[in-house]
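See structure below.
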Number of protein chains: 2
Amino acid sequence: MRGRPTVYEDANIVKKAQEVFWQKGYSATSLSDLQKATGAGAGSFYNTFKGGKKEVFQKAIEERRLAFDTFKTELSKSESPLELIKDFFRSIASSEENEHLKGCIIANTVVEMTFIDENLEANAVQILKEVEQMFTQAIKNEKLKGNLKTQTDPEILGRYLITFWCGLNTLRRMYPDKNVLKNQIEMQLAVIS
Amino acid sequence: MRGRPTVYEDANIVKKAQEVFWQKGYSATSLSDLQKATGAGAGSFYNTFKGGKKEVFQKAIEERRLAFDTFKTELSKSESPLELIKDFFRSIASSEENEHLKGCIIANTVVEMTFIDENLEANAVQILKEVEQMFTQAIKNEKLKGNLKTQTDPEILGRYLITFWCGLNTLRRMYPDKNVLKNQIEMQLAVIS
DNA sequence: TTATTTTTGTAATGATTGATACATAAATAG
DNA sequence: CTATTTATGTATCAATCATTACAAAAATAA
């Protein structure tokens, strides 16, 4: 193939841009921030992403969706899917401080973009609903196997978990503390049993 | 008192600015947005608030803190404080769509400002902790009166409620729907009994 | 080699940002 | 009345915003 070789690959730019967006959100992240973080100048940046800042943000969100999809696949292979979900929540407690403060980029986007960008907002909401659906399905399956004592509708329990997820991502900014979070997570997961 | 009479009063500017900040957040709200919303030009605006945009935002947050304080006072006078808290959550379900989408300005601020402005962030976290403390205290009192079956530590239950509050304010953006929210709220409140 | 293609780096674009300068309006005090 | 004071409206500021223009760099194809 002809042409000057690519130094700043798409995937690498998205990865580094994601970190900045995750911390600062969409509006507060400037092109200058992204150029510093990725190393790419304006030339490379707009050559790679004709859609500019917004396209990179969408790609960063999309990458996060893929991470959730990976988990979904693991879940479908798991022998104890509900334990896998619970362990996912439990693992949050022992994150590093910076991870606590960052929260969830999808939940952050829902909060930030509601009155700013309809598409970005709707997309983030959609992803949260997919995660919720994943929770709900796992709970349904477990219930069919007779592994659940609770009589609560799996749909309600799925929404309970996505609500917890969003709440937890604010709680960990209030208390970026392993012990506090561990206690809260165990208490909330006890509802699903 | 001498001088041209004030047309744009402090309190009125803050009130109208709060609505914009609540919807769009701090970064995405421009001075131009605020001038349109309040009617005040740059002259009046900076004459009233020497600290500019940031000062108005702080005042808008402070006003919200006062609203929580008012609720706290009602709570201290109430004969069934826990029911008052529960009814507060229940009342959320029947908000108008716009209110659902706005969420909670304090929780929004925690999400938005973490890596943007240390002071605004810490202040918002502090307010959430005060609300949590209000929940915790009410639960403690109710427990002493023997009105609570659950053995769970009131401190954990207080944090459960503030976590729910933050999560609910994302859930209502996913489902700005009275019935969905009503079901979720009842399910989550059932834990406190 | 030369022509072609693609990426990169830099300079510049016009628009918008938050904030200031300042003259004028509109009141009261004396 | 005049002097003083305060609020307002407008023009303007420098800085930053996202984006574009474009020449040079660096590769391959012929």
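The sequence lines fix the lettering, A, B, ..., with proteins before strands; numbering per chain opens at 1.
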Check your understanding: If we ignore angles and hydrogens, is there a donor and acceptor under 3.5 Å between the side chains of B/Gln188 and B/Tyr160?
Key -> yes

**Study point:** Sugar-phosphate only, base, or nothing, as touched by B/Ala40 at under 4.0 Å among non-hydrogen atoms
**Key:** nothing

Check your understanding: Transitively linked via ILVMFWY side-chain contacts under 4.5 Å: A/Phe115 with B/Met174?
Key -> no

Revision key, fill the gap. By nearest-heavy-atom nucleotide on DNA chain C, the more 5' of B/Pro5 and B/Gly43 is B/Gly43

**Study point:** Length of the CG-C1' vector between B/Asn47 and C/dT24, whole Å
**Key:** 14 Å

Check your understanding: In whole Å, what is the span from the CG atom of B/Asn12 to the P atom of D/dA7?
Key -> 15 Å

Check your understanding: Below 4.0 angstrom from OP1 or OP2 of D/dC17, is there any side-chain N or O of A/Ser30?
Key -> yes

Exercise for review: Report which part of the nucleic acid A/Phe45 touches: base, sugar-phosphate, or nothing (heavy-atom distance under 4.0 Å, all strands).
Suggested key: nothing

Exercise for review: Decide whether A/Ser30 and A/Asp33 meet the rule of one side-chain donor and one side-chain acceptor closer than 3.5 Å.
Suggested key: yes

Practice item. Nearest whole angstrom, please: distance from the C1' of C/dT10 to the CG of A/Leu31. Key: 15 Å

Exercise for review: With heavy atoms under 4.0 Å as the rule, sort B/Thr29 into base, sugar-phosphate or nothing.
Suggested key: sugar-phosphate

Point to revise | Interatomic distance, A/Arg2 CZ vs C/dT2 P [rounded to whole Å] | key: 16 Å

Point to revise | Interatomic distance where OH belongs to A/Tyr8 and C1' belongs to D/dA25 [whole Å] | key: 13 Å

Check your understanding: Sub-3.5 Å donor-acceptor pair from the side chain of A/Trp22 to the main-chain atoms of A/Gly103, do we have one?
Key -> yes

Practice item. Nearest whole angstrom, please: distance from the P of D/dC22 to the CZ of A/Arg4. Key: 19 Å

Review point. Between D/dA18 atom P and A/Asp117 atom CG, what is the distance in whole Å?
Key: 14 Å

Check your understanding: A/Gln35 CD to D/dC17 P: how many Å, rounded?
Key -> 10 Å

Point to revise | Closest-nucleotide ordering on DNA chain C, the 5'-leading residue of B/Ser27 and B/Met1 | key: B/Ser27

Check your understanding: Starting at the 5' end of DNA chain D, which residue's closest nucleotide do you reach first, A/Lys50 or B/Thr6?
Key -> B/Thr6

**Study point:** Full working for salt bridge (Lys or Arg N to Asp or Glu O under 4.0 Å) between B/Glu99 and B/Arg172
**Key:** CA-CA 9 Å; B/Glu99 293 300 307; B/Arg172 61 206 290 226; 5.8 Å; no

**Study point:** First encountered from the 5' end of DNA chain D, between B/Gly41 and A/Lys54
**Key:** B/Gly41

Study note, to complete from the structure: Side-chain atoms of B/Tyr46 come closest, of C/dG18, D/dT8, D/dT4, to C/dG18

